[in-house]
Asker: 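A single structure is presented below for examination.
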Amino acid sequence: EDLEGGTKHLYQNANSDKEDDICVSKDDGQCTKFKRLLRLEGHEVGHIQEVEIQDGKKHLMKTFNMKPLIFEIPDFFTEEECDRIIELAEVQGLQSSVTHNHDRSSGIRLLDRDGDRKLSLTEMRRTIEEGFDLYLVEEDLKKLYSELDLDVNQDGFISKDEMQRVSVPQMKAYLLNLIKEKPVKKSRMSSQTWIYPDRTNDPLVESFQQRISRLTQLPDIMINSNSYFQVVRYGKEGHYNAHHDSGDNFNYPCCHTVEHKKCEICRYATIMVYLNNVEEGGETAFPVANNETYDEEIFRNSGIMNLNQYCKHANLKLFPKKGTAVLWYNHFINETTGWMGSVDKFTWHGGCPVIKGEKWIMNRWIAASPDPKKDLGYS
Ligand SMILES: O=C(O)CCC(=O)C(=O)O
Ligand SMILES: [Fe+2]
């Protein structure tokens, strides 16, 4: 890259051509000014910006992709720092990762999406994905059909009559057993632990806070609240199917989208750091990146969110490199409020299966409160 010409000044703000302040009018017609939520500018793929995230040390921030916007920051951590974080996690102990948004206790809701009163293989696959967090391929479904004698006329569809023969407890037992026997079919296979900066007397953890603050330039209150981070280890075949880090995959809507209702604080940005080099596999995949259009149904029906099987179909992949940080924004900015807007659907992402070796990452999510008044001072 042409560093001389291509390097922009520190921290160019994507919104620099717009008003920095947002006017929120009050009843008396006066207005209170807030700063817009910052979103760094990517310019174009390959663009490099110099950033000073540590005193007296220069880092490069490279635009890896525009849709969604993804930045790569090599050497965000030194090798020793990566090893130190892994050590911290190991001392604490890691637990098997679980996904919470699946209720296996309820009955099976057979999802006849197209209303033709029979279930296609795709409809059955999605019924099982959504109800059991289990990602099956055609071969697995055929086995399920034959072992439970579901598809009596063997036409590949489960009709209304065939459906009535299904013993729900039997089918549930079959699938729960499959989860136990083949954990690799689950959406996620990894172990993890949470590290809380305020409970960890470690200068590196302190410095990490400062680095992400300087990198993202988000207000201190956003950096300092929900400041815990996750360390994840994937062993052989470990993976994480495509998901959004914020918004629609949660149990409740984002707090900034609803009033007086049960909600979750949504995660404006994700910072992920690779803590080791993976011998083979373990890429971070963005299956719909750069697609011209995005349709939720088409994507979910396509099955390619199953990265465990279809990583090769993902549009965009990042290869793990020890010490490299990756930054992306899970939400757009709402142009009217200047605050967190809708989820950027193109951020569907996950971890491809580790083929050889192991993979360690750390995840740090920066949440935005529903109320800019809380996150930003009045001006
Ligand atoms: O393992 C990866 O590369 C992605 C991990 C991820 O998306 C997550 O933990 O939320
Ligand atoms: Fe993620």
Side-chain angles (χ1 to χ4, degrees), residues 64-65 68-73 76-77 82 85-86 89 94-101 133 135 184 186-195 212 226 228-250 254 264-289 299 304-312 314-331 343-367:
F64 184 75
N65 198 64
L69 178 58
I70 306 170
F71 294 105
E72 212 181 25
I73 306 98
F76 184 88
F77 278 150
C82 291
I85 298 285
I86 291 178
L94 288 87
Q95 265 120 43
S96 172
S97 309
V98 279
T99 39
H100 295 287
N101 50 338
D133 190 35
Y135 288 71
V184 75
K186 291 195 298 183
S187 69
R188 187 178 194 183
M189 196 167 81
S190 60
S191 47
Q192 65 182 59
T193 190
W194 293 96
I195 294 182
I212 58 171
N226 305 305
Y228 42 87
F229 58 88
Q230 193 182 52
V231 179
V232 185
R233 177 192 177 272
Y234 301 91
K236 193 167 157 29
E237 295 194 316
H239 66 274
Y240 191 177
N241 286 348
H243 60 277
H244 286 136
D245 281 349
S246 186
D248 56 8
N249 55 339
F250 285 31
C254 289
E264 298 200 41
I265 302 281
C266 275
R267 295 155 162 179
Y268 175 55
T270 298
I271 292 150
M272 188 182 83
V273 190
Y274 296 113
L275 300 177
N276 76 332
N277 294 311
V278 184
E279 277 180 74
E280 199 183 335
E283 305 92 326
T284 303
F286 289 76
V288 300
F299 175 56
I304 61 168
M305 64 197 295
N306 180 354
L307 293 176
N308 184 45
Q309 286 287 333
Y310 302 117
C311 209
K312 56 181 175 299
N315 288 349
L316 186 74
K317 278 181 220 169
L318 276 136
F319 289 82
K321 172 102 190 4
K322 188 170 181 176
T324 293
V326 185
L327 159 68
W328 69 84
Y329 297 95
N330 300 303
H331 290 259
V343 169
D344 180 351
K345 299 291 186 180
F346 291 91
T347 61
W348 278 104
H349 69 278
C352 299
V354 171
I355 297 168
K356 209 167 161 199
E358 56 177 9
K359 172 184 173 189
W360 288 85
I361 54 164
M362 64 189 277
N363 282 314
R364 172 69 158 84
W365 293 287
I366 303 178

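Whatever order the structure lists ligands and atoms in, that order sets their numbers, starting from 1. For reference, positions follow the sequence shown, starting with 1.
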Asker: Taking the six-membered ring of Tyr240 as reference, does the NZ or CZ atom of Arg188 fall below 6.0 Å from its centre and within a 45° cone about the axis?
Answerer: yes

Asker: Could you point out which residue of Asn363, Asn330, Thr347 forms a side chain to side chain donor-acceptor pair (under 3.5 Å) with Thr270?
Answerer: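 It is Asn330; the other options fail the test.
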
Asker: Can you tell me how far apart CG (Asn226) and CH2 (Trp365) are? Round to the nearest 0.5 Å.
Answerer: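 Taking CG in Asn226 and CH2 in Trp365, the distance rounds to 11.5 Å.
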
Asker: Taking only heavy atoms of Tyr240, which atoms of ligand 1 are found under 4.0 Å from at least one of them?
Answerer: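 In order of number, 6 (C), 8 (C), 9 (O), 10 (O).
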
Asker: Could you check whether any heavy atom of His239 sits closer than 4.0 Å to an atom of ligand 1, since that is the contact criterion I want to use?
Answerer: no

Asker: Do the two ring centres, one from Trp348 and one from His244, sit under 6.0 Å apart?
Answerer: yes

Asker: Atom SG in Cys352, atom NZ in Lys317: separation rounded to 0.5 Å?
Answerer: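 Atom-to-atom, Cys352:SG and Lys317:NZ are 5.5 Å apart.
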
Asker: Given Trp360, which of Val232, Leu275, Val278, Ile85 fulfils the side-chain contact (heavy atoms from CB on, under 4.5 Å) condition?
Answerer: Leu275

Asker: Taking only heavy atoms of Trp365 into account, list the atoms of ligand 1 that are under 4.0 Å away from them.
Answerer: 10 (O)

Asker: With rounding to the nearest 0.5 angstrom, report the CD1 to CD1 distance, Ile212 to Ile73.
Answerer: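 Answer rounded to 0.5 Å: 11.0 Å.
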
Asker: Give the residue and atom name of whichever protein heavy atom lies nearest to atom 10 (O) of ligand 1, and the separation in Å to one decimal.
Answerer: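 Residue, atom and distance for the closest contact: His243 NE2, 3.1 Å.
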
Asker: Which value, rounded to the nearest 0.5 Å, describes the distance between Tyr274 atom OH and Lys322 atom NZ?
Answerer: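 With rounding to 0.5 Å, OH (Tyr274) is 15.5 Å from NZ (Lys322).
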
Asker: When you measure from the centre of the six-membered ring of Tyr234, is the NZ or CZ of Lys359 closer than 6.0 Å and no more than 45° off the axis?
Answerer: yes

Asker: Any idea which protein heavy atom is nearest atom 3 (O) of ligand 1, and the distance to it?
Answerer: Thr284 OG1, 2.5 Å

Asker: Considering only heavy atoms from C-beta outward, does the side chain of Asn241 approach that of Asn308 to under 4.5 Å?
Answerer: yes

Asker: Just let me know how Leu318 lines up against ligand 1, side chain, backbone, both or neither, with a heavy-atom cut-off below 4.0 Å.
Answerer: neither

Asker: Salt bridge between Glu358 and Lys236, side-chain N to carboxylate O under 4.0 Å?
Answerer: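 So Glu358 does not pair with Lys236 through a salt bridge.
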
Asker: Give the residue and atom name of whichever protein heavy atom lies nearest to atom 4 (C) of ligand 1, and the separation in Å to one decimal.
Answerer: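 Heavy-atom neighbour on the protein nearest atom 4 (C) of ligand 1: Met272 SD, 3.7 Å.
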
Asker: Before we go on, tell me: are the rings of Tyr268 and Tyr329 under 6.0 Å apart, centre to centre?
Answerer: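 Ring centres of Tyr329 and Tyr268 closer than 6.0 Å.
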
Asker: Which bit of Asp245 gets closer than 4.0 Å to ligand 1, counting heavy atoms only: side chain, backbone, both or neither?
Answerer: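 Just the side chain.
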
Asker: May I ask you to decide if Lys186's main-chain N or O and Asp133's side chain share a donor-acceptor pair within less than 3.5 Å?
Answerer: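 Here the side-chain-to-backbone pair does not exist.
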
Asker: Sort by chain and number the protein N/O/S atoms found under 2.8 Å from the Fe ion (ligand 2).
Answerer: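 Hits for the Fe ion (ligand 2) below 2.8 Å: His243 NE2, Asp245 OD1, His349 NE2.
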
Asker: Regarding ligand 1, does Tyr274 bring an N or O atom to under 3.5 Å of one of the ligand's N or O atoms?
Answerer: no

Asker: Measure the distance from atom 5 (C) of ligand 1 to every protein heavy atom, then report the residue, atom name and distance (to 0.1 Å) of the closest one.
Answerer: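 Result for atom 5 (C) of ligand 1: Tyr234 OH, 3.4 Å.
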
Asker: Any idea which protein heavy atom is nearest atom 2 (C) of ligand 1, and the distance to it?
Answerer: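 The closest heavy atom on the protein side is Lys359 NZ, 3.2 Å.
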
Asker: Using a 4.0 Å heavy-atom cut-off, say whether Phe286 meets ligand 1 through its side chain, its backbone, both or neither.
Answerer: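 Answer for Phe286: neither.
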
Asker: Does Asn363 have a non-hydrogen atom less than 4.0 Å from ligand 1?
Answerer: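 In this structure, Asn363 qualifies as a contact of ligand 1 - some heavy atom is under 4.0 Å.
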
Asker: Check if Trp348 has a non-hydrogen atom at a distance under 4.0 Å from any atom of ligand 1.
Answerer: no

